[in-house]
Number of protein chains: 2
Amino acid sequence: MGKKNKTKYALLGMLSMSPMSGYDIKKLTDFSISHFWSENFGHIYPVLKKMETDGFVTKEVEETSGKPNRNIYYITPTGRQELVNWLHLPVEPPPIRNEILLKIFFADQLPTEKIIEMVAEERKKCLDNLSKYKKIEETLKADGQYMNDKRIPFWLMTLSFGVHSSKAGVSWCEETLKILEERLENSK
Amino acid sequence: MGKKNKTKYALLGMLSMSPMSGYDIKKLTDFSISHFWSENFGHIYPVLKKMETDGFVTKEVEETSGKPNRNIYYITPTGRQELVNWLHLPVEPPPIRNEILLKIFFADQLPTEKIIEMVAEERKKCLDNLSKYKKIEETLKADGQYMNDKRIPFWLMTLSFGVHSSKAGVSWCEETLKILEERLENSK
DNA sequence: ATGATATATACCACCATGATACTTTTCCTA
DNA sequence: TAGGAAAAGTATCATGGTGGTATATATCAT
């Protein structure tokens, strides 16, 4: 994934659903895609500005009283084309950095009890995520509001990914805990 | 994980195994932990410099003829302590960005055939990784060179993580492909 | 009253990535 | 045997991404 600007496409995608302000985009990403994507203001605002000068979006200022004015962004046909072009491009592999595995790799410098604690904590996180994903899945399937939305199947796929990888996480933790506990027994 | 400097700990970890140059560190990370961690020169060199002024490592210049001199770095007791301190700290969750899921999320703007192609490609990647991990596992278990190294169990754990998550990836792809192919049938 | 929370934009320091620059030795191949 | 690729080695740059902070006001609960 590297140094290509993916924020751009996330923003274009959001704006392809509806015109929005930067603040709205942040709210919507946190609500709808936070299980696999994150954005932050420090990037959203400059990228929106850049995309305006590039002609991918247009801005309309909505006057408010007291609060700062809302800058509402609209995707342009060029912007829509840019989004579709990216959708057609092959997926670029991201650089990987998994902190718990880095710690495990050097874990001979750590007491076994501490490693067990760490992995147990990880297991808890995975389980928490798992139940979170399942809950959202249920709501999506049940909610009449979205019943006929043709995008639902795709949203469910992203959730299912979360379910699969959380389950994998749990089973790795449990396998690892077993080894560590055996190790602890043998060292007594 | 965010803006805390984890490169520092990766480098300290490597130097805790043996004194090395920046070039050596890059080679060793690419060889031994590339399945879950990546480093690049652009960060290795400045971080080594910073750690020298912070007293976590010391440098010894090895004269060579022709080639640039090798800067060999040694971890200090302070550096070792810094590494162990970090090992004891709880794991910080990284910001997540999964490009294929972002594309799936907006995939209603893409022909079903194209989505199928994308997911099939992903499946292939997962399978490739899976066999790669399994092969390394075999070598590690078989290789007499490491037979008695007490760090082997930990290295195997990191590999097993790769196996678990690749398998999860494959099964998600296959589940998703089934849905997409059904969709393609129904649209005919 | 007072403080938390929500709305809204913006900037900054820091961290991370990939590309490129530069040089010499060694090894392979046409 | 000439020529080029690859390896060894350090270093810098532009770009991208993260989290925190600054700045303001309205609203709602305590």
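Residue numbers begin at 1 in each chain, while the letters A, B, ... track the order of the sequences. All values derive from a computational prediction rather than experimental measurement.
- When distances run from any side-chain atom of B:Thr7 to the nucleotides C:dT7, C:dA16, D:dG9, the shortest one goes to C:dA16.
- Between the P atom of C:dA16 and the CD atom of B:Glu92 lies a distance of 11 Å, rounded to the nearest Å.
- One finds no side-chain N or O of B:Arg70 lying less than 4.0 angstrom from the OP1 or OP2 phosphate oxygen of D:dT10.
- Between the side chain of B:His88 and the backbone N or O of B:Val84, at least one donor-acceptor pair lies under 3.5 Å.
- Taking 4.0 Å as the cut-off between side-chain N and carboxylate O, B:Glu92 and B:Lys4 count as a salt-bridged pair.
- Computed from coordinates, the B:Lys6 NZ to C:dA16 P distance equals 9 Å when rounded to whole Å.
- For the pair B:Ser21 and D:dG9, the criterion of a side-chain N or O lying under 4.0 Å from OP1 or OP2 is not met.
- Between A:Val47 and B:Asp24, the residue anchored closer to the 5' end of DNA chain D is B:Asp24, taking for each the nucleotide with the nearest heavy atom.
- Contact between the side-chain N/O atoms of A:Ser38 and the OP1/OP2 oxygens of D:dT18 is found at a separation under 4.0 Å.
- The base of D:dG19 sits within donor-acceptor range of the side chain of A:Asn40, with an N or O pair under 3.5 Å.
- Spacing between atom CG of A:Leu11 and atom C1' of D:dG17 amounts to 12 Å, rounded to whole angstrom units.
- A:Glu60 and A:Arg70 are not joined by a salt bridge, as no carboxylate oxygen comes within less than 4.0 angstrom of a charged side-chain nitrogen.
- Note: NE2 (A:His43) to P (C:dC14) measures 18 Å, nearest angstrom.
- Counting non-hydrogen atoms under 4.0 angstrom, A:Gly22 reaches the backbone sugars and phosphates but no base.
- Following rounding to the nearest Å, A:Leu48 (CG) and C:dA8 (P) show an atom-to-atom distance of 14 Å.
- Taking the six-membered ring where tryptophan is involved, the planes of B:Phe161 and A:Trp172 are perpendicular, since the angle between them exceeds 60° and thus also 30°.
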Item to complete: Go through the steps to decide whether A:Glu39 and A:Lys26 satisfy the test salt bridge (charged side-chain N to carboxylate O under 4.0 Å, His left out), and finish with yes or no.
Response: CA-CA 7 Å; A:Glu39 286 298 342; A:Lys26 172 68 169 149; over 6 Å; no
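- Ring geometry for B:Phe36 against A:Phe105 counts as tilted: the plane angle lies between 30° and 60°, on a 0 to 90° scale.
- An OP1 or OP2 oxygen of D:dA8 is reached within less than 4.0 angstrom by a side-chain nitrogen or oxygen of B:Tyr23.
- Under 4.0 Å is where a charged nitrogen must lie from a carboxylate oxygen, and between B:Glu99 and B:Lys103 at least one such pair does.
- As a whole-Å value, the separation of B:Arg97 CZ from C:dT17 C1' is 13 Å.
- Residues B:Lys27 and B:Lys49 both approach DNA chain D. Their nearest nucleotides, taken by heavy-atom distance, put B:Lys27 toward the 5′ side.
- When the C1' atoms of four end pairs are superposed on the next four at each end of the helix from C:dA1-D:dT30 to C:dA30-D:dT1, using five pairs per end, the two resulting axes differ in direction by 30°, to 10°.
- The nearest whole Å value for the distance from the CG atom in A:Asn69 to the P atom in C:dT7 is 17 Å.
- If you take CZ of A:Phe41 and C1' of C:dC11, they are 14 Å apart, rounded to a whole angstrom.
- Ion pairing of B:Lys134 with B:Glu138 is absent here, as no side-chain N (NZ or NE/NH1/NH2) approaches a carboxylate O to less than 4.0 Å.
- Neither OP1 nor OP2 of C:dA10 sits under 4.0 Å from any side-chain N or O of A:Tyr45.
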